[in-house]
Number of protein chains: 2
Amino acid sequence: MRDSVDDILDQWARERPDLDATPIGVIGRMSRLARALEARLEPVYAEHGLEPGWHDLLATLRRQGPPFKLRPTDLTHSSMLTSSGTTKRLDKLEAAGLIAREPDPNDRRGTLIALTDKGRKLVDDVTGPHLANEARLLEPLSQAEREQLAGLLRKLNLGLPPL
Amino acid sequence: MRDSVDDILDQWARERPDLDATPIGVIGRMSRLARALEARLEPVYAEHGLEPGWHDLLATLRRQGPPFKLRPTDLTHSSMLTSSGTTKRLDKLEAAGLIAREPDPNDRRGTLIALTDKGRKLVDDVTGPHLANEARLLEPLSQAEREQLAGLLRKLNLGLPPL
DNA sequence: AGTACATATCTTCCTAGGAAGCAATATCCC
DNA sequence: GGGATATTGCTTCCTAGGAAGATATGTACT
């Protein structure tokens with residue numbers, strides 16, 4: 001079976017036979033696939049009233065375990081946002097009553113972000129359906145193929161050159 | 001070797017042992033990796049004065065072969081943008097003299113987007129270095145692993161449920 | 001031919017997030 | 001201890017792109 005990236009590779013082979021376009025078979029597919037997958041995660045978020053990106057942040061707090069607190073800096077790193085992006089996303093989540101800001105007792109510059117009870121309940125409600133949805137998206141692959149894919153992605157990730 | 005997603009999976013196993021979080025090992029890694037890879041493509045674009053996303057559009061025109069023309073609708077699909085996003089991106093590329101809009105002789109509603117000579121030269125200059133950069137990013141994987149990864153991504157892509 | 005519906009592109013309006021910069025506090029190093 | 005430097009979180013400003021809608025044209029069906 002061929003996909004649209006195979007067509008792209010054929011076009012390059014015809015138009016620029018001097019170039020080796022095969023990296024597109026990996027990187028091009030991954031860019032497109034990542035976006036296509038994310039688009040298929042959003043409906044489950046939306047069913048629970050979550051904007052895209054909110055679950056990622058709430059889940060990061062949730063999986064720390066009690067007391068479900070992190071500094072904004074930590075959330076910035078885990079969410080791959082900039083600090084200004086994190087501030088804005090936290091503003092929304094705070095306005096929705098899902099997180100609360102409190103002063104960091106160990107650093108008077110800092111703030112701690114805490115899951116509220118409401119946020120905790122919400123993330124606990126949505127994470128099950130969310131993971132079931134992700135599992136559904138992976139159904140085209142066998143269990144062995146999923147593990148193989150995860151392993152290749154890990155290897156590539158660990159070998160990434162610094163930016 | 002473990003990566004940061006392995007830590008995330010451990011956290012979920014501890015906090016929510018009732019859930020199967022393993023899909024994150026594929027989908028979470030892919031989302032993060034796709035963004036990390038894209039960030040590492042941008043410096044090469046920037047060296048040639050291209051904004052992110054411009055190369056994708058110019059390359060789509062280039063690999064069609066002569067006369068290097070497509071309708072905006074086609075570009076919308078290939079770039080995974082909406083039509084309004086495409087219009088704006090085309091505005092920028094037109095202002096930069098890299099593409100030209102001309103009336104579609106076969107459809108009076110339509111427009112054809114054509115690579116200008118300048119656009120053609122630019123995309124021909126940048127695609128080589130761009131592909132070399134992509135190849136560099138894939139160096140952590142052996143040739144066999146790259147093919148395996150491309151195959152798994154293709155399979156997953158082809159099996160994706162409709163949105 | 002004419003009516004209904006579909007499609008192509010662009011426009012308007014809006015928002016998420018980035019870049020740069022700021023004030024407060026912390027850390028380092030002599 | 002005290003001055004230089006780093007870090008924290010936020011603010012301001014800006015832009016890329018989405019959603020919804022408008023307009024013009026094409027297509028299908030009677």
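Numbers restart at 1 for each chain; the letters A, B, ... are given by sequence-line order, proteins then strands.
At least one side-chain heavy atom of B:D6 sits less than 4.5 Å from a side-chain heavy atom of A:R154. Annotation: side chain of A:L98 is in contact with side chain of A:L50 (closest heavy-atom distance under 4.5 Å).
One interatomic measurement links the two molecules: CG of B:L90 to P of C:dA8, which rounds to 15 Å at whole-angstrom precision. As a whole-Å value, the separation of A:L57 CG from C:dG17 C1' is 14 Å. Atom P of nucleotide D:dA16 and atom CH2 of B:W54 are separated by 8 Å, given to the nearest angstrom. Protein atom CD1 of B:I113 is 6 Å distant from nucleotide atom P of C:dC10, rounded to whole Å. Atom CG of B:L81 is separated from atom C1' of C:dC10 by 15 Å (rounded to the nearest Å). Going from atom CZ of B:R108 over to atom C1' of C:dC10 covers 18 Å, rounded to whole Å. Atoms CG (A:D91) and P (C:dG17) sit 12 Å apart, rounded to a whole Å. Following rounding to the nearest Å, B:L70 (CG) and C:dA8 (C1') show an atom-to-atom distance of 15 Å.
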side-chain contact (heavy atoms from CB on, under 4.5 Å), that's the test. Do A:R63 and A:F68 meet it? Break it down for me.
CA-CA 8 Å; A:R63 62 176 194 264; A:F68 308 113; over 6 Å; no
Take B:R136 and B:N133 through the side chain to side chain donor-acceptor pair (under 3.5 Å) test and state the conclusion after the steps.
CA-CA 5 Å; B:R136 174 186 68 103; B:N133 187 34; 2.8 Å; yes
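Residue B:S84 places its side chain closer to C:dT11 than to any other of C:dT11, C:dA19, D:dC10. Distance from the side chain of A:D107 is smallest for D:dT8 among the nucleotides C:dG18, D:dT8, D:dT25. Set against C:dC10, C:dG17, D:dG17, the side chain of B:T87 has C:dC10 as its closest nucleotide. Nearest to the side chain of B:K92, among D:dA16, D:dT25, D:dT8, sits D:dA16.
Contact annotation: B:R89 does not reach the phosphate of D:dA16 (side-chain N/O to OP1 or OP2, under 4.0 Å). Residue B:R71 places at least one side-chain N or O under 4.0 Å from the OP1 or OP2 atom of C:dA8.
In this structure, B:D104 reaches neither bases nor backbone, as no heavy-atom distance under 4.0 Å exists between it and the strands shown. At the heavy-atom level, A:T111 lies under 4.0 Å from the strands shown only through sugar-phosphate atoms.
Using the six-membered ring where Trp is involved, A:H55 and A:H130 have ring planes that are tilted, between 30° and 60° apart.
Nearer the 5' end of DNA chain D, as judged by each residue's closest nucleotide, is the contact made by A:R109, out of A:R109 and A:R101. Between A:K88 and A:N106, it is A:K88 whose nearest contact on DNA chain C lies nearer the 5' terminus.
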